[in-house]
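Shown next, in structure tokens, is the structure this report addresses.
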Amino acid sequence: MTELALRSIRSIFSWSLPFYKLAKGDAVSEQLKLITKTFLLPVLGVTVFLLLWAGLAPKVVTSLGAVPGPAQVWQQFQNLVDEHQIEREKAAAFYERQERRNAKKLENNANAEIKVRSYTGRATFFDQIVTSIVTVLCGFLLATIIAVPLGIVSGLSNSIYNAINPLVQIFKPVSPLAWLPIVTMIVSAMYVSDDPMFQKSFLNSMLTVTLCCLWPALINTAVGVANVDKDLLNVSKVLRLGYFTHIYKIVLPYSIPMIFTGLRLSFGIAWMVLIAAEMLAQNPGLGKFVWDEFQNGSSNSLGRILVAVFAIGLIGFLLDRLMLAMQKWISWDKSAELR
Amino acid sequence: MSNYLELSQVSIEFPTPNGPFKALDKVSLKISEGEFVSLIGHSGCGKSTVLNIIAGLHQATEGGVILKGKEVNEPGPDRAVVFQNHSLLPWLSAYQNVELAVNQVFKGKKNKQESKEWIEHNLRLVHMLHAKDKRPDEISGGMKQRVGIARALAMEPEVLLMDEPFGALDALTRAHLQDSLMEIHSDLNNTVIMITHDVDEAVLLSDRIVMMTNGPAASIGEILNVNLAHPRNRLELADNADYNHYRAEVLRFLHQRQRNPKAA
């Protein structure tokens with residue numbers, strides 16, 4: 001796991017390598033070229049974007065005031081950080097009070113009934129990010145658990161592939177907004193419990209994510225498995241490997257790159273779908289944050305929504321890097337160039 | 001004795017959009033135990049198909065293959081195959097590649113220690129013990145093919161089937177591997193069927209050379225007995241009259257009687 005973390009960090013900071021080498025004095029002109037490619041050009045692109053944004057945004061005036069530029073968005077970000085800290089302090093104070101109260105009760109009467117309540121303050125922007133990440137990971141994990149085995153089975157057997165192919169093709173383009181009402185109704189009907197382990201809004205968003213991100217993983221796994229080198233299949237036949245040994249020893253290692261390609265596509269879809277699903281399902285995540293700010297309609301709302309937009313983009317990017325690092329970690333072919 | 005392996009009236013047809021294509025027509029061949037037989041012919045004459053039928057990877061449309069009195073219907077480790085492009089699992093080391101075969105074939109028959117010794121013994125036979133922990137992409141083409149041979153030998157097959165095993169190698173590496181193969185064959189005296197289109201290789205290694213006619217509907221054109229004493233040495237044989245006679249026989253078959261249909 002530590003190796004995995006290191007790899008993902010390295011892949012994010014790969015642009016800094018030429019600086020390090022330049023400082024050491026290795027092949028200076030080479031390093032300068034690399035720096036231009038991996039650092040200067042991206043920075044130039046971002047700068048141009050920020051300038052255009054700052055210049056054009058004030059010209060667009062909405063009912064909530066002008067569209068915020070980079071400076072206002074940055075300020076809103078700091079506000080959100082402050083709000084988070086204030087909320088955390090409130091929570092800490094609440095727990096301290098509760099503990100003191102309970103201690104006093106116990107002092108007076110050792111058999112006193114003690115109530116421990118959890119703090120029910122407002123979810124801050126950062127709490128909502130955590131909820132979103134947990135929801136998307138659960139939905140994606142469930143999709144993986146369904147899609148990869150199904151993909152392997154249908155990649156191995158043409159009959160199964162032909163049987164499920166029309167369903168895949170029909171369900172693949174369905175929008176999350178169409179799934180959500182159905183998922184909501186089914187969850188309300190099936191998930192009845194006095195002490196629910198999950199909130200219904202969480203299940204609704206999660207299952208919608210699962211339904212939408214199943215398909216790329218399924219299709220890519222099936223294609224990867226169906227294209228295993230014929231010679232290796234012959235080796236397996238000559239050795240008379242059993243069905244599961246065949247999958248485990250030959251098919252899976254061979255199709256890992258394709259499976260991961262599918263998983264990364266799925267994950268990108270999952271993250272996009274999640275925001276839409278949270279808006280409608282009112283799951284306390286980033287989607288709900290955007291929706292609430294939109295409904296709220298204060299002069300800060302557009303800035304706060306833009307903070308969410310960048311947070312969504314950045315988190316999506318970081319999660320994809322994590323997947324890439326995991327692929328490099330699991331894959332046997334360490335020399336393959338992955339991007 | 002001479003009925004160790006028998007191909008009897010083997011024909012095969014492949015379905016194509018323009019109707020069935022007959023690749024082999026009534027191929028019959030008897031091979032005795034310990035014999036080294038080469039199949040030679042132009043590309044596309046169905047040599048590989050013959051081998052695949054013996055391996056059980058293809059099913060003959062007519063006729064069949066009998067090994068030690070039993071009909072062959074499906075692939076199995078008693079007919080180990082050395083494939084042209086090594087077919088090692090690229091994610092396993094040389095040792096692990098052989099281990100996969102040994103664990104499968106000797107499941108419950110060899111304990112851990114015995115398996116390890118057997119794997120190492122076979123890698124030693126092909127002179128690859130020093131690189132046992134290397135993965136296929138870390139070793140040369142010749143070395144990969146050696147590991148492929150070790151994997152096949154480790155299955156203790158009744159027949160060793162080799163599909164142009166050295167076809168993709170350069171001439172010097174090929175000579176090394178041919179020497180190794182002769183050494184192994186004189187040690188183990190196993191039955192080998194090898195496909196080749198290298199005339200020198202066929203004469204040097206084989207007890208018999210089976211020359212195939214051109215397809216479609218290919219069959220056996222001629223069979224040449226190579227009566228040269230073992231062990232054979234390529235340098236000594238270079239000036240040997242018998243050797244050159246056998247060589248000329250095969251060349252005449254390939255280039256006079258069965259001219260390459262594509263070259264023509």
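Bear in mind that the values here come from a model prediction, so they are computed numbers and not experimental data. Throughout, a chain's letter reflects where its sequence line sits, starting with A, and its residues are numbered from 1.
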Determine whether more than 12 heavy atoms belonging to other residues, nucleotides or ligands lie under 6.0 Å from atom [atom1] of [X].
X	atom1	value
F244(A)	CZ	no
Y248(A)	OH	no
H121(B)	NE2	yes

Exercise for the section: Mark yes or no for whether W91(B), through its side chain, and K249(A), through its backbone, hold a donor-acceptor pair below 3.5 Å. Expected result: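 Yes, W91(B) side chain to K249(A) backbone: donor-acceptor pair under 3.5 Å.
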Practice task
Determine whether N85(B) and D231(A) make a side-chain contact, defined as any pair of heavy atoms from C-beta on separated by less than 4.5 Å.
Solution key: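 Touching, per the 4.5 Å side-chain cut-off.
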Exercise for the section: With the side chain counted from C-beta on, respond yes when M155(B) and L239(A) share a heavy-atom pair under 4.5 Å apart, and no when they do not. Expected result: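 Yes, side chains in contact.
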Examine whether an atom of [X] lies under 4.5 Å from a heavy atom of chain A, and if so say whether it belongs to the side chain, the backbone or both; otherwise answer neither.
X	answer
R79(B)	both
A55(B)	neither
P90(B)	both
L88(B)	backbone

Exercise for the section: Using a heavy-atom cutoff of under 4.5 Å, enumerate the residues of residues 103-116 of chain B that contact chain A, numbered in order, or state 'none'. Expected result: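 Counting heavy atoms that sit under 4.5 Å from chain A, the residues of residues 103-116 of chain B involved are Q104(B), V105(B).
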Practice task
Give, for atom CG of L241(A) and atom CG of L100(B), the distance between the pair rounded to the nearest 0.5 Å.
Solution key: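 CG of L100(B) is found 5.5 Å from CG of L241(A).
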Handout entry: Inter-residue atom distance L89(B).CG - L232(A).CG, 0.5 Å rounding
Key =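 Nearest 0.5 Å value for the CG-CG distance: 5.5 Å.
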Handout entry: Most contacts with chain B, counted as non-hydrogen pairs under 4.5 angstrom, among T245(A), D229(A), I250(A)
Key = I250(A)
